[in-house]
Amino acid sequence: MGSELQQEQKRVDDVTERINEEINKLEEETTKRKEEVIHIRKHFWDEVKVNTDTFDDYLETIIGLRQEAQALSVTQSTHKHSSKRLSTLHRMKELPYFGRIDFTEEGDSAPESIYIGIAALNDQTGDDFLVYDWRAPVSSVYYDYQPGPAHYMTPGGMIQGVLEKKWQYLIRNGVIQSMFDTSLTIGDEILQQVLGKGTDKQMHSIVATIQKEQNKIIRHDKGRLLIVHGAAGSGKTSAALQRIAYLLYKYRDHINADQIILFSPNSMFSSYVSNVLPELGEENMQQVTFQEYLDHRLSKAFQVETPYEQLEYVLTAKKTSFYQARLASIRFKASTRFFEAVQAYRKSLESEGMLFNDVVFRGKAVVTAEEMVERFYNFDTSLRFHNRLEKLRDRLLKRLTDFQKTESKKPWVQDEIELLSNEDYHKAHAYLAKKRGFKREDTADYDMEPQALARLIVRQKLKPLRSKIKALQFIDFIGIYKQLFTNSLEITKHLKDKAPVNWPDICDITVDTLEKDKLFYEDATPFLLLKEIIEGFQINSAIKHIVIDEAQDYSPFQFEFLKRLFPAARMTVLGDFNQAIFAHASENADFKLLTNLYGEEQTELINITRSYRSTKPIIELARRLVPNGETIVPFEREGKRPALTQLSDYDELHQAIASKVDEFKSEGYNSIAIICKSAEESASAYEALANIKELKLLKSNSLEYEQGVVVVPAYLSKGIEFDAVIIYNASKNVYGEESLRRTFYTACTRAMHDFHLYSVGEVSPFLDKALREGALDV
């Protein structure tokens, strides 16, 4: 083994030397390109002769401008490409490659050694690969097979052969730390070392430790919809991010990072995963939360409730009036049934029910809402709905033009003229002279008519109103949505079956909230859908792929909306119904409903059951917290058994937690989370534990995931992992109701290495099975 290790180290040294050569060459090239970009920008106008005297001169100017702009664009693009490659090479210097396969292709007599790393590297001639990109077709053999018959797909067809050997390397700073000739599950040895390390502020790429089931997700290439249902800590998000890197590699001529959107659960999670693609030499895709999208579209009209505010209400407002009605409202408005009802309601507006706002100027109605309703329903009914709206819009614009002529004779216009400053008067004079065909040097000869100036002033004053009419802002969208709830029988006309039992109460709370210019979270997507299908859907065809993380938190209604919003996109959906903690989720026990989105032929569901995040004892506890928990398979990584401490009061609790935090710190843990049920409980815990040094409180508006000791509500901890976790109060008093089981499970699956639960008084019934079967130290 010694001589083999020496031989392998020599190869690493040779590859590192080749990397250094390419780095030196690229650094020169990048500096040169940067200087070129600066020079072109600085002297852009020196190179272009601007002359517009004749048409030929004008054409020559345009051609010159285009050539200079093109030269700048090409140079910038080359500089960007070189910088990106340079960044990748610097990372390869640390770890040139992590795997090797010896593969004999069918028809060949000897195996070829294929080394696999985060990016490809050629020898000096450019003919041979020293390192293959982990996304290359042949690299899939490394992830998918044990020694024996193997095959991989290429654009030219299937390549068959025999995998003779598979090696793994752990290389640090160009030195081989260890290497394995392995027939074990790919990654087990190195995976043990990777998982045994502490966390830091960001998630990292997992290309060296991708498992077979994760590789299936990454390279999946069929249909419109891929659903990944996986246990907590199974690597769903990591696999999805590597999937984006794979798509950017495979379809590099057809898709770029700007055409991919990741819907994250919150801004903190976005910051947590922002490092993965740059680590692989790719640009980050667009990241947005669904709430940010709703705010972007609706916040001018409403104060929109966030999903976390909705959840906080569900967790803490049980004793308030209308609580049951609100729960029923959340569930019903999340359903495909309500989606269909909204569409049917929009259809009914073709014959009755449209509402408009008066078009008002200086406190006086130019056109009344009643006139618009009458006009809209008097149009030729064979015209499509949107054409009728366009026709109404054009008629309003014409009425505004007529109104402008009569209004210019009113006394207020004369007052406005007298109040004009000299500067504004001269601007108006120059503008009107130009309109009358006077050249700039001759404008002094133009004798401005008072009536022309009056018309100009009125036209300027009417400009905002004209813009509103063009944007269809004369439609009373709020009134139209409210109309669905003002008459409790209205909805039944648009439902194939009956409305929910407490529909009258749902109507009352919805109307009451709308009248305060607020929008419940469960109303935000339905309101937006109704607005879109009335005025014409603002689709985004540029987006080619969307990834939805924590998909169990999205309602069927929201999925239907996203499908229509991004008609050209394929969708990757990741989730775990054991972590479905939003109020609408209890109706939907799995992702089967989603197969209706694009149809069964266009949909594939991949289940991944092995959990890698936590030690085996932590997973053994988590498995006992949820139904069907036996399907979760722990990764064989030993550790301490989770422990439970029962206490009699909160003073004892806070002393015990402070002491446990000190203990965890002394063990070298970088990230320690004290997880609470809600933001309300988190705030009081944070206050009571103020003596813990540098304690941080994470809130739903926190923009960045922070290390150290944090207090966090369970619903914000989703998707994030910590070295050690403390459950603040696992008592029956806090986690007693069945509806909180998934919230509790989510909190209990965040720890990588160490886990301790505290309970003030009687312990939560969710822990009964774990206590009975000895999965907890007491």
Side-chain angles (χ1 to χ4, degrees), residues 295 297-304 349 352-379 386 388-429 431-432 435 448-486 510-519 527-528 530-531 534-536:
D295 282 341
R297 296 296 309 278
L298 297 171
S299 60
K300 284 179 186 167
F302 295 106
Q303 185 184 328
V304 185
L349 295 174
E352 61 174 350
M354 275 299 282
L355 299 174
F356 300 101
N357 298 311
D358 291 347
V359 174
V360 177
F361 181 69
R362 292 175 59 84
K364 179 179 139 195
V366 180
V367 188
T368 66
E370 289 75 17
E371 282 179 83
M372 285 185 254
V373 170
E374 196 179 328
R375 176 62 61 190
F376 182 77
Y377 288 114
N378 279 339
F379 283 135
H386 295 120
R388 282 156 74 187
L389 277 178
E390 281 167 16
K391 208 168 175 184
L392 179 60
R393 181 188 62 194
D394 294 344
R395 195 170 284 269
L396 291 177
L397 290 170
K398 187 178 181 309
R399 281 282 292 273
L400 212 57
T401 305
D402 297 341
F403 175 79
Q404 183 181 301
K405 287 173 189 167
T406 56
E407 196 69 8
S408 63
K409 295 171 183 147
K410 299 280 173 71
W412 70 265
V413 183
Q414 199 53 47
D415 295 343
E416 288 286 334
I417 290 172
E418 286 169 16
L419 289 169
L420 281 178
S421 67
N422 280 341
E423 189 186 350
D424 287 341
Y425 184 86
H426 289 305
K427 273 185 188 170
H429 181 271
Y431 172 78
L432 289 168
K435 277 200 82 177
M448 185 164 62
E449 300 160 22
Q451 197 50 38
L453 180 57
R455 281 197 299 271
L456 176 64
I457 281 172
V458 175
R459 189 163 69 246
Q460 288 299 103
K461 294 284 182 187
L462 284 170
K463 207 172 180 181
L465 196 54
R466 192 177 294 276
S467 298
K468 283 182 178 179
I469 291 170
K470 284 179 180 172
L472 301 179
Q473 287 178 23
F474 56 87
I475 302 171
D476 182 5
F477 293 110
I478 297 170
I480 293 168
Y481 187 67
K482 199 192 290 180
Q483 204 167 237
L484 254 181
F485 307 96
T486 44
T510 307
V511 170
D512 184 52
T513 308
L514 287 167
E515 283 175 351
K516 292 172 184 164
D517 292 330
K518 290 181 179 175
L519 201 60
F527 177 83
L528 200 49
L530 182 61
K531 186 174 187 288
I534 286 173
E535 66 183 1

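Note that the numbering runs from 1 along the sequence shown for the chain. Reckoned from all heavy atoms, side chains included, excluding hydrogens, waters and symmetry mates.
R399 meets the side-chain contact (heavy atoms from CB on, under 4.5 Å) test with V367, E371; sequence neighbours excluded. Take F485 and apply the ring pair (Phe, Tyr, Trp, His ring centres under 6.0 Å) test, not counting sequence neighbours, and it matches Y481, W503.
Within the 4.5 Å cutoff, no side-chain heavy atoms of V359 are placed close to those of K468. Using a 4.5 Å cut-off on side-chain heavy atoms (C-beta onward), I534 and K531 make no contact. Taking 4.5 Å as the limit, some side-chain heavy atom of K482 sits within range of a side-chain heavy atom of E515. Side-chain atoms of V366 and F403, non-hydrogen and from C-beta on, do get closer than 4.5 Å to each other. Between F356 and T368, every side-chain heavy-atom pair lies at or beyond the 4.5 Å cut-off. Taking 4.5 Å as the limit, every side-chain heavy atom of K391 sits out of range of all side-chain heavy atoms of R375. L355 places none of its side-chain heavy atoms less than 4.5 Å from the side chain of M372. Side-chain contact between I475 and M354 is present, with at least one heavy-atom pair separated by less than 4.5 Å.
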>> Could you go through L528 and L530, starting from their C-alpha distance and side-chain angles, then the distance that decides it, and tell me whether this counts as side chain to side chain contact (heavy atoms under 4.5 Å, CB included)?
In response: CA-CA 5 Å; L528 200 49; L530 182 61; over 6 Å; no
>> Assess the residue pair Q404 and R466 against the criterion (side chain to side chain contact (heavy atoms under 4.5 Å, CB included)); give the C-alpha distance rounded to whole Å, side-chain angles, the decisive distance to 0.1 Å, and a yes or no.
In response: CA-CA 11 Å; Q404 183 181 301; R466 192 177 294 276; 3.3 Å; yes
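Using a cutoff of 4.0 Å between basic side-chain nitrogens and carboxylate oxygens, K398 and D394 are not scored as salt-bridged.
In this structure, Q483 contributes its side chain and G353 its backbone to a donor-acceptor pair below 3.5 Å.
By the 6.0 Å and 45° rule, R393 does not stack over the aromatic ring of F474.
Nearest heavy-atom pair across L349 and F376 is O-CE2, 4.1 Å. Heavy-atom minimum distance, W412 versus E407: NE1-OE2, 2.9 Å. The two atoms that bring S408 and A454 nearest to each other are O-CB, 3.6 Å, heavy atoms only. Closest of all the heavy-atom pairs between H386 and G536 is NE2-N, 3.6 Å.
Remark: Q473 CD is packed, more than 12 non-hydrogen atoms of other residues, nucleotides or ligands lying under 6.0 Å away. In this structure, K470 places its NZ atom where only 12 or fewer heavy-atom neighbours from other residues, nucleotides or ligands lie under 6.0 Å away.
The ring of F477 has its center no closer than 6.0 angstrom to the ring center of F527.
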